[in-house]
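This report concerns only the one structure given below.
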Amino acid sequence: MKKTLLSVIAGLAVINVASAAPSVADRKALCEKHPDKYVWVAKTEACVPINPCKSDSSTIQEAYCNRVFKDVQLDNWRKGATVVEEYARNNLGVGVIIKELKNHGVEAGLFGQDYVRAVLDDGGYMVFEFDDLSDLGGADVREGAGRAACAVYGGAWSSFDGNRRSASCSGVSEAGCAKVAELMTELRDGTLVSHSYEAFVDGSGYSCFLILEK
């Protein structure tokens with residue numbers, strides 16, 4: 001009876017070892033065998049799709065896809081990388097390294113959304129979605145520069161006219177207003193953006209007003 005019991009216990013031990021979950025090192029090694037499809041995230045010890053914004057899993061999208069710039073149109077990928085770097089510094093408190101997807105750290109095309117892939121200094125990973133990073137429309141790019149800069153500093157963007165040359169960025173401080181105008185100027189290749197910080201008529205707060213000269 002004792003021999004039979006010992007044999008059963010030994011058999012269960014073998015089964016448990018064989019069916020044990022793979023170690024972190026094993027999962028990382030397996031993930032890194034497919035660098036064109038997956039990326040290992042050190043912070044969460046997870047293997048995720050290289051573009052989590054296109055994942056079928058809402059959990060993965062929520063954790064690794066940032067859509068704060070999903071309505072932003074800019075005229076080149078470098079500007080997309082610039083706003084991602086500034087956003088991470090100001091809102092996540094970390095620096096980023098822009099990594100390649102298909103071209104210079106972004107996945108960009110004529111149709112559909114574009115993406116900037118970033119590895120965070122704290123070991124995290126995030127892909128930022130943009131409306132377009134190769135737009136040639138003047139009004140759309142003007143609007144995109146303002147919308148992106150406002151989002152970087154935590155504001156809410158609102159255009160005032162059809163030409164999208166005057167707008168406000170509500171919810172930022174006076175110092176933040178100046179920074180929004182400065183970043184907009186950079187994104188518009190040095191074309192100066194003027195700004196003013198004014199109180200609402202009803203006295204409920206302040207807003208940052210921006211004028212795009214051309």
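The pair R67-E129 meets the salt-bridge criterion, since a charged nitrogen lies less than 4.0 angstrom from a carboxylate oxygen. Salt bridge present: E86 and R89 bring a charged side-chain N and a carboxylate O closer than 4.0 Å.
Rounding to the nearest 0.5 angstrom, the gap separating the OG atom in S55 from the CD atom in Q61 is 6.0 Å. Taking CG of L210 as the reference point, atom CZ of R142 lies at 14.0 Å (rounded to 0.5 Å). The CG atom of D71 sits 6.5 Å away from atom CG of D131, with the distance rounded to the nearest 0.5 Å. The distance from the SG atom of C177 to the CD atom of E182 is 12.0 Å, given to the nearest 0.5 Å. Atom CD1 in I211 sits 5.5 Å away from atom OG in S194 (nearest 0.5 Å). Interatomic distance, I98 CD1 to T82 OG1, rounded to the nearest 0.5 Å: 8.5 Å.
Counting heavy atoms from C-beta outward, Y64 and T59 have side chains that stay 4.5 Å or more apart. L92 is listed as a side-chain neighbour of L120, based on a closest heavy-atom distance under 4.5 Å. Taking 4.5 Å as the limit, every side-chain heavy atom of V72 sits out of range of all side-chain heavy atoms of F128. Proximity of V39 to C47: side-chain heavy atoms (C-beta onward) are nowhere separated by under 4.5 Å. Residues D189 and K79 have side chains in contact (heavy-atom distance under 4.5 Å, counting atoms from C-beta outward). Side-chain contact between H195 and V180 is absent, with no heavy-atom pair separated by less than 4.5 Å. A 4.5 Å side-chain heavy-atom check between V127 and V116 finds every atom pair outside the cut-off. Inter-residue side-chain proximity for V152 and L183 is flagged as met; some heavy-atom pair is nearer than 4.5 Å.
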Exercise for the section: Before giving the answer on side chain to side chain contact (heavy atoms under 4.5 Å, CB included), spell out for F130 and V84 the whole-Å C-alpha distance, their side-chain angles and the decisive distance to 0.1 Å. Expected result: CA-CA 10 Å; F130 287 78; V84 164; 4.0 Å; yes

Handout entry: From CA spacing to verdict: side chain to side chain contact (heavy atoms under 4.5 Å, CB included), R188, V193
Key = CA-CA 9 Å; R188 300 190 65 231; V193 176; 4.0 Å; yes

Exercise for the section: Begin with the C-alpha distance, continue with both residues' side-chain angles, and end with the deciding distance and a verdict on side chain to side chain contact (heavy atoms under 4.5 Å, CB included) for D135 and D75. Expected result: CA-CA 5 Å; D135 195 285; D75 53 359; 5.5 Å; no

Practice task
Take T191 and T185, measure what side chain to side chain contact (heavy atoms under 4.5 Å, CB included) needs, and give me the verdict at the end.
Solution key: CA-CA 5 Å; T191 301; T185 298; 6.0 Å; no

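No hydrogens or angles considered: nothing links the side chains of S168 and S158 as a donor-acceptor pair under 3.5 Å. R147 and Q73 share no donor-acceptor pair across their side chains, judged by distance under 3.5 Å alone. Donor-acceptor pairing under 3.5 Å is recorded for the side chains of S159 and E143. Side-chain atoms of Y197 and S173 form no donor-acceptor pair, as typed in the model, at a separation below 3.5 Å. Side-chain contact of S134 with D132: a donor-acceptor pair under 3.5 Å is present, judged by distance alone.
Atom CG of D56 is surrounded by 12 or fewer heavy atoms from other residues, nucleotides or ligands within 6.0 Å. For OH of Y206, the number of neighbouring non-hydrogen atoms (other residues, nucleotides, ligands) closer than 6.0 Å is 12 at most.
Under a hydrophobic-cluster definition in which Ile, Leu, Val, Met, Phe, Trp and Tyr are linked whenever side-chain heavy atoms come within less than 4.5 Å, directly or via other members, L133 and V141 are assigned to different clusters. Y38 and Y115 fall into different hydrophobic clusters, where Ile, Leu, Val, Met, Phe, Trp and Tyr side chains are chained together by heavy-atom contacts under 4.5 Å.
The nearest pair of heavy atoms linking P52 to I60 is CB-CG2, 3.7 Å. The two residues V83 and A148 make their nearest non-hydrogen contact at CG1-CB, 3.9 Å. Taking both residues in full, the closest heavy atoms of E198 and S196 are given as OE2-OG, 2.8 Å, listed atom of the first, atom of the second, then distance. Closest heavy-atom contact between A149 and M184: CB-CG, 3.5 Å. Taking both residues in full, the closest heavy atoms of V96 and A118 are given as CB-CB, 4.1 Å, listed atom of the first, atom of the second, then distance.
The ring pair (Phe, Tyr, Trp, His ring centres under 6.0 Å) contacts involving residues 39-62 comprise nothing, where partners must be two or more places apart or lie in separate chains.
C169 does not pair with C208 as a disulfide, the SG atoms being 2.5 Å or more apart.
Qualifying side chain to side chain donor-acceptor pair (under 3.5 Å) partners for Y153, counting only residues two or more places apart in sequence or in other chains: none.
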